[in-house]
Student: 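Okay, handing you the structure first.
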Amino acid sequence: MSETFEPRIVAFMCNWCSYAGADNAGISRLPSPPNVLPIRVMCSGRVSPEMVLRAFRSGADGVMVLGCHIGDCHYIDGNHRTIKRMPLVRNLLGYVGINPERFVLDWVSSAEAPKFARVTNAFVEKIRDLGPIADELGGGA
Ligand code: FES
C-alpha cells in the first residue's frame, strides 16, 4: 500500500544565471530530477518570503531559490537583497511549523550546469528523506 514518495519541488531561478544553468543542464543531458518545477524570475532578489510561503501552501515539499553568484547579479546587488531576506524565510518557516531544511538558497551561474544538476538532485534526495510536507503538518495540508 505504501507508494514511493516523489517530492514536489518549486525552484525560483533568476533569468540571467540559474535558469540558463538549468537550460544548459538540459542541453548537456545531465541527469536532473523531474520533480523540480522551475519558476523563472528576473532576479533572485525578486523572490519575497511570501512567494516562498505561497509555494509551500500550494503543496511544495521543498522550495529552492537559485541566483547568480555574489558579484555577478545582472542588477548589481539584487542577490544582496536575497541574502538578507532568506534568513527571514527560515524563521517564518519555523514559525508556521515547516522544517527550514525544506528550503535552500544557492548560487548557480549559466556556466554551472553540472552544479545545477548536483544541487537539485541533492535537494530532492534530502526532501525525499524528510518525507511529504503533509506528514509534517499533520496531514492537513
Ligand atoms: Fe541573478 Fe540577480 S539577476 S541574482
Side-chain angles (χ1 to χ4, degrees), residues 2-141:
S2 70
E3 296 174 18
T4 306
F5 167 53
E6 282 302 331
R8 288 167 295 187
I9 307 294
V10 169
F12 294 99
M13 298 184 234
C14 84
N15 180 62
W16 304 99
C17 287
S18 305
Y19 196 87
D23 222 13
N24 285 332
I27 290 167
S28 305
R29 297 183 176 270
L30 295 172
S32 301
N35 316 52
V36 177
L37 173 67
I39 297 181
R40 178 160 37 175
V41 292
M42 292 311 286
C43 177
S44 66
R46 170 72 180 81
V47 181
S48 68
E50 190 197 354
M51 289 164 74
V52 175
L53 285 176
R54 204 180 310 148
F56 279 114
R57 240 184 281 133
S58 301
D61 297 296
V63 177
M64 311 179 83
V65 174
L66 302 175
C68 306
H69 288 270
I70 296 301
D72 290 344
C73 175
H74 190 75
Y75 304 99
I76 313 295
D77 59 359
N79 50 10
H80 289 253
R81 178 190 292 209
T82 314
I83 286 183
K84 285 186 193 148
R85 279 179 164 176
M86 293 309 135
L88 174 64
V89 168
R90 292 199 174 86
N91 288 342
L92 280 172
L93 293 179
Y95 184 73
V96 299
I98 295 173
N99 184 342
E101 292 295 307
R102 292 183 180 275
F103 170 77
V104 73
L105 165 67
D106 212 329
W107 313 121
V108 176
S109 79
S110 59
E112 292 180 314
K115 181 175 181 185
F116 173 80
R118 191 173 69 246
V119 298
T120 51
N121 280 302
F123 190 64
V124 167
E125 287 316 307
K126 181 181 191 177
I127 299 303
R128 199 187 303 280
D129 288 346
L130 289 175
I133 195 165
D135 291 356
E136 192 169 298
L137 298 174

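Because the structure is a prediction, the values reported are computed rather than measured. Counting convention: from 1, in listed order, for ligands and their atoms alike.
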Student: For ligand 1, is there an atom lying under 4.0 Å from some heavy atom of G78?
Tutor: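 For ligand 1, residue contact (heavy atoms, under 4.0 Å) with G78 is absent.
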
Student: Using a 4.0 Å cut-off to any heavy atom of H74, which atoms of ligand 1 qualify?
Tutor: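 Every atom of ligand 1 under 4.0 Å from some heavy atom of H74: 3 (S).
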
Student: Should you measure from each heavy atom of W16, which atoms of ligand 1 turn up under 4.0 Å away?
Tutor: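 Reading through ligand 1 atom by atom, the close ones are 3 (S).
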
Student: Please work out the angle at atom 2 (Fe) of ligand 1 defined by atom SG of C43 on one side and atom SG of C73 on the other, rounded to 10°.
Tutor: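 Approximately 100° at the metal, rounded to tens of degrees.
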
Student: Strictly under 2.8 Å, is atom 1 (Fe) of ligand 1 approached by any N, O or S atom of C68?
Tutor: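 A backbone or side-chain N, O or S atom of C68 is under 2.8 Å from atom 1 (Fe) of ligand 1.
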
Student: What is the ring orientation for W16 with H74, classed by angle as parallel under 30°, tilted 30 to 60°, or perpendicular over 60°?
Tutor: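 Parallel, since the angle between the ring planes stays under 30°.
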
Student: How long is the gap from CD on E112 to CG on D106, to the nearest 0.5 Å?
Tutor: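 Answer rounded to 0.5 Å: 9.0 Å.
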
Student: Rounded at 0.5 Å granularity, tell me how far CG in L92 sits from CZ in F56.
Tutor: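 Rounded to the nearest 0.5 Å, the CG-CZ separation comes out at 11.5 Å.
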
Student: Under a 4.5 Å cut-off applied to non-hydrogen side-chain atoms, are I70 and I83 in contact?
Tutor: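 Result yes, sub-4.5 Å side-chain heavy-atom pair found.
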
Student: Please state whether the separation between atom 1 (Fe) of ligand 1 and some N/O/S atom of C14 is under 2.8 Å?
Tutor: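 True for C14.
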
Student: What distance separates R85 CZ from E50 CD, expressed to the nearest 0.5 Å?
Tutor: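 Reported value, rounded in 0.5 Å steps: 10.5 Å.
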
Student: Less than 4.0 Å is my threshold; does some heavy atom of M42 fall inside it relative to ligand 1?
Tutor: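 It does, in that a heavy atom of M42 comes within the 4.0 Å cut-off of ligand 1.
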
Student: If we only count heavy atoms from C-beta on, is the E136 to N99 side-chain gap below 4.5 Å?
Tutor: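 In short, these two side chains touch, coming nearer than 4.5 Å.
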
